[in-house]
Amino acid sequence: MSTTSTPDATAHPEDGAFDTHLVQAKWQRLWAEADPFRAGDEGDTRPRKYVLAMFPYPSGDLHMGHAENYLYSDIVARFWRHRGYNVLNPIGWDSFGLPAENAAIKRGADPRAWTYENIAQQKASLQQYGVSFDWSRVLHTSDPDYYRWNQWLFQQLYERGLAYRKESPVNWCPNDQTVLANEQVVDGRCERCGAEVVKKKLTQWYFRITEYADRLLDDLNQLEGFWPHKVLQMQRNWIGRSIGADIDFEIEGRSEKVTVFSTRPDTLHGATFFVVAPDSDLAAELASGASAEVRMRFQDYLERVQKETEIERQTADRPKTGVFLERYAVNPVNGERLPVWAADYVLADYGHGAVMAVPAHDQRDLDFARAFDLPVRVVVDTTAPVTGAIAVIELDEQGVPIDPGSAEPGLAELDPARTGVALTGEGRLVNSGALDGLSKRHAIARVIEQLEAAGTGRAAKTYRLRDWLISRQRFWGTPIPMVHTADGRIVPVPADQLPVELPAAAGLDLTPKGTSPLGGASEWVATVDPETGEPALRDPDTMDTFVDSSWYFLRFLSPGDPNTAFSTAEADKWGPVDFYIGGVEHAILHLLYARFITKALYDIGLVEFTEPFASLINQGMVILDGAKMSKSKGNLVLFQEELELHGADALRVGLAFAGPVEDDKDWADVSTTGAAKFLARALRVARDVASPTDVVWKDGDGGLRRVTHRLWADVPALVEQTKFNVVVARLMELVNATRKVIDSGAGASDPAVREAAEAIAMVLDLFAPHTGEEMWEILGYEPFVGLVPWRQADPTLLVEESVTAVVQVDGKVRGTLTVPARVSADQLEALARADEKVVRALAGRTITRAVVRAPKVVSFTTA
Ligand code: ANZ
């Protein structure tokens, strides 16, 4: 394709300044016409790379965090294209959700119209930014042809028992008037609006992510080295596997036993009381059998507890509170009667919502026992040595070992009832019948054997991870594709009736009121029982938008396909995503959900991989004057404004140069002016090139060629290590070196100048693609530089430069050496001493003095 007819947008040859907006518009038009960044199809035999940036939420203008995100993914995508790969780099919009809906309510607009207007605006910005997306694959999760596959996914999970309804205490945001997943509660507050989250008992839809807890945890190991370690650790903590035992306790006067989870079953003989979560069904049941006074006290206490956040309840150093329920549990190993208390430090939805309390060895239990004067019994002697434990021998001032007998306190002195400090360390069992003398580890194994034999307990694991609550009482989301029949059954909407489309928002009251606005769409809600044809009601709730984003990377592989969610064949070809790029704020929620859904799809037989994102790149935040940008603070730097001000390339280079990918970048330190100057210098180099396109190399290894070839050699590893700022620095170095040669004697006709200019254009394409294309054209080539294969560095030019060193013996030159220019003094002296001529000149005399000035001179004086 020829571009000769396009106007010259760069007509300021004197100073290199050029109209970036004109250049930008010209190349964007040519890209739009030729579509060079569309992923190759069937016939494309190149190896593949799937590069994906987390897709944006269309809740307003894009900001500088987006600019950073889509810059990094574009650098990676452009790089792999140069390396000869068929690159898929798609974009779409995560366009359902609360912010759009709330904004729509505030402005009285239709959430649908509002959302798609924002999408159009964001799309225009991204196009102006010059990102090499495959624009043929755009998807919006709020399109019926997308969300019908959310409904399909829901039903797939439902069929396998992985989607289910249950009544339980849920996180409720009183401001947004909707339930929240555990992942959306941060420090006891709503992740979105900051309101304090309370517990409310509701019947909701869940995805059974806990069934995948072990795999979600264990498979993190295979991502080590490919995902940031910090993210892996956050996921591990979130899943929070605890290993121990489930132990069944009889409660006097109750036919069914109550199970507790304990990580320390070895301390079973030390249990002195029993605690249930006040907000559990069990507590209510036990309290109902108590005296009138206790019933009242319990009711008061429960009301207090319900106002507390989970964080408060788990805080270690707050005064312990509770109510004795006048009931007793029976210790299965020794028949002891343990008073049953309700106390807020036990959580209803962890383990089984009840604990055996062992105050001697658990700090929370000890604090409680001391507050309510309950017995404390030590069952692990933490002063007794355990084989394998490292003995630390302390020395006194004279270096004499201190007798441990006299330094270490005895067990009596450590009595937790008196000291208030629970004994949590290693030790040997005491006061525990047949377990006495065993180490903690052996005792745990033995107790579990005993419990299993007696049928009163078993080895067990518990996770911090809860099932994923996915129903929301809001309008702007995927309708849950289920029908509630008149006789109380809940059945899936038949597949051929999907999608269940959202009704028009007009006429519906969208303001949050605790029940889904869809329930008020009477025509929409009324349906028929698919089995009997009798009148029935649609489920009025919508899905958490994290469902939408849990599999979107698969939809990009066959977008718009009306017959399937995604093509399994395409998933085999492209999946998993090779590079996933986005903010660390998604370290838990989105990534965990996408991992879970991928594993579920693997089990269903629809994908062949078990992890969705082979490697993850997290970018730092763009901040302003040290502070996080936010709408409410009014310190948002808007993407569109900056684009108009500086043009895409200066913005991109400024950001890329601002620091390491993972670091936060202060916008105040980002120099778009510096970037613009650098780009003008680069472009001027291309204009100054005076040699023809076919370079013929004569002998010689001019310094400039070395700088160019070192760039070719080093950039691949630097890009793969995401050291983008270093690559920009290296480009600046090459531009300066080229300028020097142009301005020197050899001048612009030196073929090395052309070679350097071509390298600059190609590597610059990763960061400033419009300038890169423009340079490439000025250098006499057809577009697009973005598709030009990477050049191989000439290995002979990577060898270090060498110099000649002179060796003197007693003031006379006795030898010359060819040595690397960066030789060290020691190396040079050793080479001189070993040189044959020098050895001959020395004739066995002893060297008394050596003066070395690397890399040029070595001077020996002999005796
Ligand atoms: C007896 C015991 C003795 C315990 C001991 C610990 C130390 P992690 O590690 O966090 O999983 N627990 C169980 N269910 C609970 C609930 N619903 N709310 C509050 N605490 C609960 O902690 C597991 C331990 O936390 C369990 O082991 C139980 O106390 C307590 F020396 O049982 B342990």
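We count ligands from 1, going down the list as the structure has it; atoms in each ligand are counted the same way.
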> At what distance is the nearest protein heavy atom to atom 31 (F) of ligand 1, and which residue and atom is it?
Replying inline: His361 O, 2.9 Å
> Can you find a non-hydrogen atom of Val346 under 4.0 Å from ligand 1?
Replying inline: yes
> Nearest to atom 19 (C) of ligand 1 by heavy atom, Phe261, Tyr463, Tyr350, Tyr345: which?
Replying inline: Tyr345
> Aromatic rings Trp468 and Phe207: how do their planes relate, parallel, tilted or perpendicular, breaks at 30° and 60°?
Replying inline: perpendicular
> When the ring planes of Tyr552 and His590 are compared, do they come out parallel, tilted or perpendicular, using 30° and 60° as the limits?
Replying inline: tilted
>> What protein heavy atom lies closest to atom 27 (O) of ligand 1? Include the residue and the distance to one decimal.
In response: Thr263 N, 3.0 Å
> Which protein non-hydrogen atom lies closest to atom 6 (C) of ligand 1, naming both residue and atom, and how far is it?
Replying inline: Asp362 OD2, 3.3 Å
> For atom 33 (B) of ligand 1, which of Ser262, Ala360, Ala343 has the closest heavy atom?
Replying inline: Ser262
> So is Ser242 polar-close to ligand 1, meaning N/O to N/O under 3.5 Å?
Replying inline: yes
> Among the heavy atoms of Arg364, does any lie under 4.0 Å from an atom of ligand 1?
Replying inline: yes
> Are the ring centres of Tyr580 and Trp227 closer than 6.0 Å?
Replying inline: no
> What protein heavy atom sits nearest atom 18 (N) of ligand 1, and how far off is it?
Replying inline: Leu347 N, 2.9 Å
> What's the shortest distance from atom 12 (N) of ligand 1 to any protein heavy atom, and which residue and atom give it?
Replying inline: Val355 CG1, 3.3 Å
>> Quiz question: by atom type and distance under 3.5 Å, do the side chains of Asp603 and Tyr212 form a donor-acceptor pair?
In response: yes
>> Any non-hydrogen side-chain atom of Leu465 less than 4.5 Å from a side-chain atom of Ile209?
In response: yes
> Can you say whether the rings of Tyr164 and Tyr206 are parallel (under 30°), tilted (30 to 60°) or perpendicular (over 60°)?
Replying inline: parallel
>> Closer than 3.5 angstrom, by distance alone: can the side chain of Tyr301 be matched with the main-chain N or O of Asp344 as a donor-acceptor pair?
In response: yes
